[in-house]
Enquirer: 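Here it is, the structure in full.
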Amino acid sequence: QVQLVESGGGLVQAGGSLRLSCAASGLTFSNYNMGWFRQAPGKEREFVVRITRSGGGTSYADSVKGRFTISRDNAKNAVYLQMNTLKAEDTAVYYCAASRNYFDLGAGDADFWGKGTLVTVSS
């Protein structure tokens, strides 16, 4: 039914850029706040960024402010994460998430999760 499928992960050198995509299906996309989370090897999953239903509001983790940019295209049922000036510390599996509640999403609670895409930053 509901599916969130991430793509765009890969290997990139420190200082480089990468753009992740999340394609959603089986839900009324515009009714959901969207977000990105990541989980580094041996670490807990952490919040990266979230965006409101219409795309008018965003919230970023301090660790990625100024480097990452989230955007969404409701006509395409997609959300994106542009990652610039990548650091080795950004290496993680990145997950797309959807929530009807913006606050809950920021707290790590989502209605739906993708299976993740791996981003590896070499230094």
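This chain uses plain numbering: 1 for the first residue, then up along the sequence. Basis for what follows: all heavy atoms, side chains included, without hydrogens, waters or symmetry-related copies.
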Enquirer: Of the options Val64, Val93, Leu81, which is the one that meets Arg38 in a side chain to side chain contact (heavy atoms under 4.5 Å, CB included)?
Expert: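 Testing Arg38 for a side chain to side chain contact (heavy atoms under 4.5 Å, CB included) against Val64, Val93, Leu81 leaves exactly one candidate, Val64.
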
Enquirer: If you count heavy atoms of other groups shown closer than 6.0 angstrom to CZ of Arg100, is the number above 12?
Expert: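 Counting other residues, nucleotides and ligands, CZ of Arg100 stays at 12 neighbours or fewer.
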
Enquirer: Less than 4.5 Å apart, side chain to side chain, heavy atoms only: is that true for Cys96 and Trp36?
Expert: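 Yes, close enough: below the 4.5 Å cut-off.
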
Enquirer: Quick check against the 3.5 Å criterion: does Arg53 have a side-chain atom that pairs as donor or acceptor with the backbone of Tyr102?
Expert: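 No, because the side chain of Arg53 does not come within donor-acceptor range (under 3.5 Å) of the backbone of Tyr102.
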
Enquirer: A side-chain contact here means heavy atoms from C-beta on lying under 4.5 Å apart; do Val49 and Phe68 qualify?
Expert: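 No. Closest side-chain heavy atoms not under 4.5 Å.
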
Enquirer: For Tyr95 and Val48, what are the C-alpha separation, side-chain angles and deciding distance, and is it a side-chain contact (heavy atoms from CB on, under 4.5 Å)?
Expert: CA-CA 10 Å; Tyr95 298 91; Val48 177; over 6 Å; no

Enquirer: What is the distance from atom OG of Ser122 to atom CD of Gln13, rounded to the nearest 0.5 Å?
Expert: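 Ser122 OG to Gln13 CD: 5.0 Å, rounded to 0.5 Å.
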
Enquirer: Show the nearest heavy-atom pair for residues Asn74 and Asn77, with the distance to one decimal.
Expert: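 Closest heavy-atom pair between Asn74 and Asn77: O-OD1, 3.1 Å.
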
Enquirer: Considering residues, nucleotides and ligands other than Gln82, do more than 12 of their heavy atoms fall under 6.0 Å from its CD?
Expert: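 Counting neighbours around CD of Gln82, more than 12 heavy atoms of other residues, nucleotides or ligands fall under 6.0 Å, so yes.
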
Enquirer: If you measure from CG on Leu4 to CZ on Phe29, what distance do you get to the nearest 0.5 Å?
Expert: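 Atom-to-atom, Leu4:CG and Phe29:CZ are 8.5 Å apart.
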
Enquirer: Between the side chain of Arg67 and the main-chain N/O of Thr85, is any donor-acceptor distance below 3.5 Å?
Expert: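 Yes: the side chain of Arg67 pairs with the backbone of Thr85.
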
Enquirer: Over 60° means perpendicular and under 30° means parallel, so tell me whether Phe47 and Phe37 are parallel, tilted or perpendicular.
Expert: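 The arrangement is perpendicular - the two ring planes meet at more than 60°.
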
Enquirer: What about Leu11 and Met83, same hydrophobic cluster or not, with Ile/Leu/Val/Met/Phe/Trp/Tyr joined at side-chain heavy-atom distances under 4.5 Å?
Expert: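 No, separate clusters.
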
Enquirer: Are Leu18 and Tyr60 connected into the same hydrophobic cluster when the rule is that any two of I, L, V, M, F, W, Y join if their side-chain heavy atoms are below 4.5 Å apart?
Expert: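 Per the 4.5 Å side-chain linkage, Tyr60 and Leu18 are co-clustered.
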
Enquirer: What residues form a side-chain hydrogen bond (donor to acceptor under 3.5 Å, both in side chains) with Arg19, not counting sequence neighbours?
Expert: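 Partners of Arg19 by the side-chain hydrogen bond (donor to acceptor under 3.5 Å, both in side chains) criterion come out as none, since no residue qualifies.
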
Enquirer: Kindly say whether Ser99 contributes a backbone atom to a donor-acceptor pair with the side chain of Asn33 at under 3.5 angstrom?
Expert: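 At least one qualifying donor-acceptor pair exists.
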
Enquirer: Roughly how far, to the nearest 0.5 Å, is the CD atom of Glu6 from the CH2 atom of Trp113?
Expert: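 Between atom CH2 of Trp113 and atom CD of Glu6 there are 10.0 Å.
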
Enquirer: Please round to the nearest 0.5 Å and tell me the distance separating atom CG of Asp104 and atom CG of Asp111.
Expert: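 Atom-to-atom, Asp104:CG and Asp111:CG are 8.0 Å apart.
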
Enquirer: Flag yes if Phe112 and Leu105 sit in one hydrophobic cluster, no otherwise; membership is Ile, Leu, Val, Met, Phe, Trp, Tyr, and two members link when side-chain heavy atoms are under 4.5 Å apart.
Expert: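 In one cluster: no.
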
Enquirer: Hey, what do you get for OG1 (Thr120) to CG (Asp90), rounding to the nearest 0.5 Å?
Expert: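 If we round to the nearest 0.5 Å, Thr120:OG1 and Asp90:CG are 11.0 Å apart.
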
Enquirer: List in chain and number order the residues that pass side-chain hydrogen bond (donor to acceptor under 3.5 Å, both in side chains) with Asp109, two or more places apart in sequence or in another chain; answer none if no residue qualifies.
Expert: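 Applying side-chain hydrogen bond (donor to acceptor under 3.5 Å, both in side chains) to Asp109 gives none.
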
Enquirer: Do you know which two heavy atoms are closest between Leu27 and Ala24, and how far apart they sit?
Expert: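 What the structure gives for the nearest pair is CD2-CB, 3.7 Å.
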
Enquirer: Give, for atom OG of Ser7 and atom OH of Tyr94, the distance between the pair rounded to the nearest 0.5 Å.
Expert: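 Output value for this atom pair is 15.0 Å.
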
Enquirer: Report yes or no: do Leu86 and Leu118 belong to one cluster of Ile/Leu/Val/Met/Phe/Trp/Tyr joined by side chain heavy-atom distances under 4.5 Å?
Expert: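 Cluster IDs for Leu86 and Leu118 differ.
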
